[in-house]
Amino acid sequence: SILTVTAMALTGMNRSDFKARRQRASCCGSRCAKFACLTLGIGMCFINGFQSGALKVAAPKGVVARQPSAQVARPAAAEGINVDEVHVLRVIKVDGTEVVFTAPVSSKLTTAWELTDELLGKEEDGMEFDDYGGELGHMVQSLLGERNAEDGSWFWALFVYGSFTQEWLRAPSRVDSTDLDTFPHIAWVAFRTAAVDRREENERVMKLLGPKPMKES
């Protein structure tokens, strides 16, 4: 279900891990609603509480859907780009193909959400996010015309490149609060969950991302 896909996106688990953890988790009442996406265990309470009726989850406040009204420039090529002067946004699809976008560093771009909206909102097929507000914020549904798999076999996951660590890692927070000063480059990756070992999938994604902000040709 869409709820299950959202839970896996929040917790970073594959389908088998999700089912196992869900069987062990129990709802903790109204406190789950407040802290649902802060820890793995409480994230599971969020889902169990929803389905048991103990936890009431509000519908999204709105849907952010962007599509261009006119022809826009093609994504920038990787060659000749100084990554110290731009923010890089990469989209790696489920088949491993990749599209790269860049935007000049600007005081108007401070979070991963603002960068995503600025760059992908102008592209053909655009993007679609559910806006839950508050602690959940924006939850991705579709990027460049490709939606999260309805069967939960994959979902769009956010990865970030640390300015201090100089490496890619899974985003430690939601897209709205991911700071571009700390993580100047981001990647939306189609992360597989069905019939895939989580460790192997992480290794696959890291190989696709490579050691630098932009993959070397």
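Values reported hereafter were calculated over all heavy atoms of this structure, with side chains retained and with hydrogens, waters and symmetry mates removed.
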- Note on the structure: For Ile81 and Met214, the nearest pair of non-hydrogen atoms, with its separation, is CD1-CE, 3.8 Å
- What distance separates Arg192 CZ from Glu200 CD, expressed to the nearest 0.5 Å? 9.0 Å
- Message: I need the Leu144 CG to Glu124 CD distance, nearest 0.5 Å.
- Response: 9.5 Å
- Shortest non-hydrogen contact between His185 and Val86, atoms and distance: CE1-O, 3.1 Å
- Query: Between Leu169 and Val91, is there a shared hydrophobic cluster once you connect ILVMFWY residues whose side-chain heavy atoms come closer than 4.5 Å?
  - Reply: yes
- Do Arg174 and Asp176 sit within salt-bridge range, that is, some charged N less than 4.0 Å from a carboxylate O? yes
- Query: How far apart are the closest heavy atoms of Ala187 and Leu209, and which atoms are they?
  - Reply: CB-CD2, 3.7 Å
- Query: Checking Thr116 side chain against Ala112 main chain: does a donor-acceptor pair fall under 3.5 Å?
  - Reply: yes
- Item | Separation of Thr102 OG1 from His87 NE2 (nearest 0.5 Å) | 10.5 Å
- Query: Stepwise, does the side-chain contact (heavy atoms from CB on, under 4.5 Å) test hold for Val88 with Val83?
  - Reply: CA-CA 7 Å; Val88 175; Val83 295; 4.2 Å; yes
- Task: Please determine if Arg204 and Glu201 form a salt bridge, counting it only when a charged side-chain N lies under 4.0 Å from a carboxylate O.
- Result: yes
- Tyr161 and Trp168: CA distance, side-chain angles, deciding distance, ring pair (Phe, Tyr, Trp, His ring centres under 6.0 Å) verdict: CA-CA 4 Å; Tyr161 190 86; Trp168 287 99; 5.4 Å; yes
- Message: List the residues meeting salt bridge (Lys or Arg N to Asp or Glu O under 4.0 Å) with Glu167, not counting sequence neighbours, and say none if there are none.
- Response: none
- Can you name the closest pair of heavy atoms from Arg147 and Trp156 and give their distance? C-NE1, 4.4 Å
- Task: Name the orientation class of the two ring planes belonging to Phe129 and His138 (parallel below 30°, tilted from 30 to 60°, perpendicular beyond 60°).
- Result: perpendicular
- Query: Is Lys108 salt-bridged to Glu114, going by a charged N under 4.0 Å from an acidic O?
  - Reply: no
- Below 4.5 Å, heavy atoms only, C-beta onward: do Met127 and Asp117 meet side chain to side chain? yes
- Message: Within the 4.5 Å heavy-atom criterion, are Val140 and Trp188 side-chain neighbours or not?
- Response: yes
- Stepwise salt bridge (Lys or Arg N to Asp or Glu O under 4.0 Å) test for Lys93 and Glu98: CA-CA 6 Å; Lys93 302 180 180 182; Glu98 178 177 348; over 6 Å; no
- Item | Shortest non-hydrogen separation from Leu115 to Ala103 and the atoms involved | CD1-CB, 3.9 Å
- Query: Is Glu85 close to Val105 at the side-chain level, that is, under 4.5 Å between some pair of heavy atoms?
  - Reply: no
- Check the pair Phe159, Met206 against side-chain contact (heavy atoms from CB on, under 4.5 Å), reporting the backbone distance first and the verdict last. CA-CA 10 Å; Phe159 285 75; Met206 288 305 167; 3.8 Å; yes
- Item | By side-chain hydrogen bond (donor to acceptor under 3.5 Å, both in side chains) - contacts of Ser107 (at least two apart) | none
- Task: Determine the sole option in Thr178, Asp131, Val175, Leu180 for which the side chain to side chain contact (heavy atoms under 4.5 Å, CB included) test with Trp113 is passed.
- Result: Val175
- Keeping the roles fixed (side chain from Ser163, backbone from Phe183), state whether a donor-acceptor pair exists under 3.5 Å. no
- Nearest 0.5 Å please: distance from the CG atom of Leu89 over to the CZ atom of Phe101. 7.0 Å
- Item | Distance (rounded to the nearest 0.5 Å) between Ser153 OG and Phe191 CZ | 12.5 Å
- Donor-acceptor pair, side chain of Arg90 and main chain of Pro213, under 3.5 angstrom: yes
- How many angstroms lie between NZ in Lys215 and CD1 in Ile92, if you round to the nearest 0.5 Å? 7.0 Å
- Message: Can a side-chain donor-acceptor contact be found between Thr193 and Trp154 if the only test is distance below 3.5 angstrom?
- Response: no
- Query: What closest approach, in Å, do Gly162 and Pro184 show between heavy atoms, and which atom pair accounts for it?
  - Reply: C-CD, 4.5 Å
